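Reviewing the structure listed below.
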Protein chains: 2
Amino acid sequence: MRLDEDDRPASGADDPMRGYEASLPIALLRAREATMRRFKPHIDAHNLTVQQWRVIRALADSGPLDARTLSERCVILPPSLTRIFRTLEAKGYIVTVAAPDARRHTVALTDKGRTLYEEMAATSERIYEEIEQAFGAEKMRRLLELLIELRDTADALSREAPPE
Amino acid sequence: MRLDEDDRPASGADDPMRGYEASLPIALLRAREATMRRFKPHIDAHNLTVQQWRVIRALADSGPLDARTLSERCVILPPSLTRIFRTLEAKGYIVTVAAPDARRHTVALTDKGRTLYEEMAATSERIYEEIEQAFGAEKMRRLLELLIELRDTADALSREAPPE
DNA sequence: TATTGTTATACTCTATAACTATA
DNA sequence: TATAGTTATAGAGTATAACAATA
């Protein structure tokens, strides 16, 4: 599929909801589904859920984090995080660490957790590069840029005009 | 956030996994979460789940569809669709219709379902336009184009080299 | 014999409210 | 009094396998 600059209006205002396939939430969902399909077997093979893997990645990327931060970054609600902490701690991938504010539940990767991450990251990178190569590195870069910008825009909207 | 053309390499190869926030699946998830946050209260207000709303939209866009097609388009597994059919049929929004192939469970919107869709579509369009205006119509157009193309690319990869 | 859905089952996540502990 | 998390609970989605019906 290829839409060139002038073969349709820039705004969708005269194309109500722009058709199911091209609607923004659906397009985001389906793009995610199609790419995750390639990562999923790899995550399954390590007996992790997708959400557990997001937590491990976030910790590997940023060091110890509290529940609130992980909840935002991983898009996981606090009650789910509580359970994920229990599961990952039982498996020895994370530990609870002391924090200045005793209300905060802060966790960090263990050595075992970091080893797991490093193994998985290597394969993830290979899968990502396969997609990037097929899609085009420049387009991928632009897509990531737009996605992050869209998120910032929507977040800003929600701050100034909370949804309903 | 603004990344210009030359302040980082085009390929992420030397930036393993490109950092949590900029990884493709996470960027897709968070962009979706940030935009869906604005649509969600509107869907809640009509006592639908997000998945039920996707089914209704797909039917409104394409006319009667069978379970397999809806499963693909809406990214919902068949067992969930079975339950969603029951729920939406009980609420009077859809009906089962006869199909040439009696194995296929095909459903269509009722008048009540179409009325619901039209009411909701009007508000959805308003919410979408608010985001589009804040983000920029041209960037939104480009983003949708890239998302659809990424999906096609990943689907093609999965056809030629099934994931694991 | 292959395909389409449904059922069964187990697990996980989503979502909200109520509660506990700390600040 | 406000904040951070946990617990409780209900509901829905995810995922796989087994089954029924149809082609």
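Since this is a predicted model, take the numbers as computed values, not measurements. Numbers restart at 1 for each chain; the letters A, B, ... are given by sequence-line order, proteins then strands.
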- Task: Grab the CD1-P distance between B:Ile43 and D:dG11 for me, whole Å please.
- Result: 20 Å

- For B:Phe39 and A:Pro25 the tightest heavy-atom approach is CE1-CG, 4.0 Å

- Note on the structure: B:Phe85 atom CZ is separated from C:dT4 atom C1', nearest whole Å, by 12 Å

- Query: How many Å lie between CG on A:Asn47 and P on D:dA15, as a whole number?
  - Reply: 14 Å

- Query: Looking only at N and O atoms, is any donor in the side chain of B:Arg68 or the base of C:dT4 less than 3.5 Å from an acceptor on the other one?
  - Reply: no

- Heavy-atom pair with the smallest gap, counting every atom of B:Glu72 and A:Arg30: O-CZ, 3.9 Å

- CG of A:Leu29 versus P of D:dG13: gap in Å, rounded? 13 Å

- How does protein reach along nucleotides 9-17 of chain C, written 5' to 3' as B (base within reach of a heavy atom under 4.0 Å), S (only sugar-phosphate), or - (no contact)? ---SBBBB-

- Exactly one of B:His42, B:His46, B:Lys40 clears side-chain hydrogen bond (donor to acceptor under 3.5 Å, both in side chains) with B:Asp44, and that residue is B:Lys40

- Message: Rounded to whole Å, how long is the line connecting atom CZ of A:Arg37 with atom P of D:dT14?
- Response: 14 Å

- Item | Identified side-chain contact (heavy atoms from CB on, under 4.5 Å) counterpart of B:Val107 within the set B:Leu70, B:Val95, B:Val97 | B:Leu70

- Query: What is the distance from CZ of A:Arg103 to P of D:dA4, rounded to the nearest Å?
  - Reply: 6 Å

- Heavy-atom donor-acceptor pair, B:Arg104 side-chain to C:dT4 base, under 3.5 Å: no

- Item | d(CG, A:Asp66; C1', D:dG5) in whole Å | 10 Å

- Item | Residue whose nearest DNA chain D nucleotide is more 5′ - B:Pro100 or A:His105 | A:His105

- A:Ser62 and A:Arg73: side chain donor to acceptor below 3.5 Å: yes

- Item | Sidechain N-carboxylate O distance under 4.0 Å for B:Glu89, B:Arg86 | no

- Crowding at CD, B:Glu118 (>12 non-hydrogen neighbours, <6.0 Å): yes

- Among C:dT7, D:dT22, C:dA23, find the nucleotide with the atom closest to the side chain of A:Ala102. C:dA23

- Task: Report the distance from atom CG of B:Leu70 to atom P of C:dT6, rounded to the nearest whole Å.
- Result: 11 Å

